[in-house]
Amino acid sequence: MSRLASRSIRALSSARSASNRTIESAVRSWTRSISSTPVRAAVHRGPTLVTASGIHAPKAAPSFGVASPQCRSMFIQTEVTPNDDSLKFIPGVSVMGEGTAEFLDTRSALKSPLAIRLMGIEGVKAIFYGPDFVTVSKDSENPWAILKPEIYSILMEHFSAGLPLFRSEEDKEAAGPQDTRILDTDSETVAMIKELLETRVRPAIMEDGGDIEYRGFNDEGFVKVKLKGSCRGCSSSAVTLKSGIERMLMHYIPEVKGVEQILDEEEVIALDEFAKLEERLAKNGNNKDSKMAPYMSV
């Protein structure tokens with residue numbers, strides 16, 4: 001009986017040893033196959049998740065009519081105006097939306113962060129905001145080739161960052177034109193004049209980067225207006241008044257006998273200096289002709 005038990009124990013031990021050897025052999029074989037297979041995670045070529053995470057596109061920001069702060073690509077167009085010293089910049093986003101605003105000096109530009117920066121450029125003398133454009137006026141001494149890069153930079157930075165155009169909503173409302181708002185106290189003639197200026201004249205003048213402001217209607221039948229933006233100081237403004245605005249108002253409103261332009265003190269001085277310059281040039285031309293007359297005679 002003890003012999004039989006001893007044989008059984010030896011057989012069981014032998015079976016266990018064979019099983020262990022089989023398992024060890026399988027493990028060694030599996031280990032070899034793992035070691036001979038290239039580790040893809042270690043030798044992965046191409047962009048990885050870590051690399052891509054550094055260039056993920058920013059989440060879209062809510063739109064308020066201007067470009068997102070993350071978006072630095074803007075295409076700002078420029079349009080020439082009848083005034084060589086005024087240029088119309090179109091950023092492709094809303095500027096005023098409705099109405100206009102004009103800044104003729106640093107003090108008035110304090111209401112607008114963008115205007116005060118543009119006025120800080122040497123040579124810039126006036127800023128005008130339209131519904132979807134900004135008109136910049138300069139003096140005659142500084143060429144556009146020097147001014148335009150800095151103007152582009154300031155406009156790009158302002159609109160791409162979504163900065164406010166005015167410091168407060170009250171400043172924006174006060175800056176917009178109130179001249180053509182029809183009041184209860186307006187006569188029928190004045191109401192018609194304001195309506196034509198607002199619906200017919202103003203959109204056409206804005207195409208050239210300017211604006212018109214109603215200043216009154218007197219008993220003699222003359223409408224008093226003031227030109228703004230690129231139309232301010234423009235040599236063709238007289239033609240615009242007479243052949244365009246005056247003719248149209250007189251056609252639709254028989255009570256209108258003419259249109260008069262209101263000039264600022266600076267504009268009067270500028271026109272006087274221009275007239276004096278033309279007079280001096282004419283005299284110099286006449287003197288030269290008189291001196292050359294003996295040599296030109298046959």
Student: Could you list the donor-acceptor pairs under 3.5 angstrom formed between side-chain atoms of residues 145-154 and any protein atom two or more places apart in sequence or on another chain?
Tutor:
none

Student: Mind checking side chain to side chain contact (heavy atoms under 4.5 Å, CB included) for Met206 and listing every partner two or more places apart, or none if nothing turns up?
Tutor: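 With sequence neighbours excluded, Met206 shows a side chain to side chain contact (heavy atoms under 4.5 Å, CB included) to Thr100, Pro131, Phe133, Arg202, Asp211, given in chain and number order.
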Student: Which distance, rounded to the nearest 0.5 Å, do you find between the CZ of Phe217 and the CD of Glu260?
Tutor: 11.0 Å
Student: Please find the pair of heavy atoms, one from Gly216 and one from Tyr214, that lie closest to each other, and give the distance.
Tutor: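 Shortest heavy-atom contact: C-OH, 3.3 Å.
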Student: Quick check for you: to the nearest 0.5 Å, what is the distance between Lys224 atom NZ and Glu213 atom CD?
Tutor: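 Atom-to-atom, Lys224:NZ and Glu213:CD are 13.5 Å apart.
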Student: Using atom types as modelled and distance alone, determine if a side-chain donor or acceptor of Glu246 lies under 3.5 Å from a backbone N or O of Val259.
Tutor: yes
Student: Identify all side-chain donor-acceptor contacts of residues 183-191 below 3.5 Å with residues at least two apart in sequence or on another chain.
Tutor:
residue: Asp186; atom: OD2; partner: Leu183; partner atom: N; Å: 2.8
residue: Asp186; atom: OD2; partner: Lys194; partner atom: NZ; Å: 2.7
residue: Ser187; atom: OG; partner: Val190; partner atom: N; Å: 3.3

Student: Measuring from Glu141:CD to Glu122:CD, what's the distance to the nearest 0.5 Å?
Tutor: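 These two atoms lie 9.0 Å from each other.
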Student: Closer than 3.5 angstrom, by distance alone: can the side chain of Thr81 be matched with the main-chain N or O of Gly209 as a donor-acceptor pair?
Tutor: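 Flag not set: sc Thr81 to bb Gly209 has no pair under 3.5 Å.
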Student: Under a 4.0 Å threshold between the charged nitrogen and the carboxylate oxygen, would Lys88 count as salt-bridged to Glu79?
Tutor: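 The answer is yes: the pair qualifies as a salt bridge.
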Student: Does Ile205 form a side-chain contact (heavy atoms from CB on, under 4.5 Å) with Ile245? I'd like the steps, not just the answer.
Tutor: CA-CA 10 Å; Ile205 293 182; Ile245 302 172; 4.0 Å; yes
Student: To the nearest 0.5 Å, what is the distance between CE (Met248) and CE (Met250)?
Tutor: 12.5 Å
Student: Which of these passes side-chain contact (heavy atoms from CB on, under 4.5 Å) with Leu155: Val136, Ile76, Val95?
Tutor: Ile76
Student: Heavy-atom count around Arg167 CZ within 6.0 Å, excluding the residue itself: above 12?
Tutor: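 It does: Arg167 CZ has more than 12 such atoms within range.
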Student: Over all heavy atoms of both residues, which pair between Phe128 and Glu102 is shortest? Give the atoms and the distance, please.
Tutor: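 The pair with the smallest heavy-atom distance is CD1-CB, 3.9 Å.
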Student: Identify whether Trp144 and Ile127 are in the same connected component of the hydrophobic contact network (ILVMFWY, side-chain heavy atoms under 4.5 Å).
Tutor: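 Same hydrophobic cluster.
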Student: Using the side chain to side chain contact (heavy atoms under 4.5 Å, CB included) criterion, which residues pair with Glu195? Sequence neighbours excluded.
Tutor: Ile182, Thr199
Student: Could you give the side-chain donor-acceptor pairs of residues 109-116 under 3.5 Å, partners two or more places apart or in another chain?
Tutor:
residue: Ser112; atom: OG; partner: Ala115; partner atom: N; Å: 3.3
residue: Ser112; atom: OG; partner: Tyr129; partner atom: OH; Å: 2.7
residue: Ser112; atom: OG; partner: Leu165; partner atom: O; Å: 2.7

Student: So, for Leu104 and Ser108, which heavy atoms are closest and what is the spacing to 0.1 Å?
Tutor: N-OG, 3.4 Å
Student: Heavy atoms, side chains only, cut-off 4.5 Å: are Leu118 and Val134 in contact?
Tutor: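 Yes - at least one pair of side-chain heavy atoms lies under 4.5 Å apart.
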Student: Kindly give the heavy-atom pair with the smallest separation between Met96 and Phe166, and that separation in Å.
Tutor: SD-CE1, 3.5 Å
Student: Is it true that Met192 and Leu197 fall in one hydrophobic cluster, defined by side-chain heavy atoms closer than 4.5 Å?
Tutor: yes
Student: A side-chain contact here means heavy atoms from C-beta on lying under 4.5 Å apart; do Arg117 and His158 qualify?
Tutor: no
Student: Transitively linked via ILVMFWY side-chain contacts under 4.5 Å: Phe222 with Ile262?
Tutor: no
Student: Under the rule for side chain to side chain donor-acceptor pair (under 3.5 Å), what residues qualify as partners of Lys138, not counting sequence neighbours?
Tutor: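 Once residues adjacent in sequence are excluded, the partners of Lys138 under the side chain to side chain donor-acceptor pair (under 3.5 Å) criterion are Asp85.
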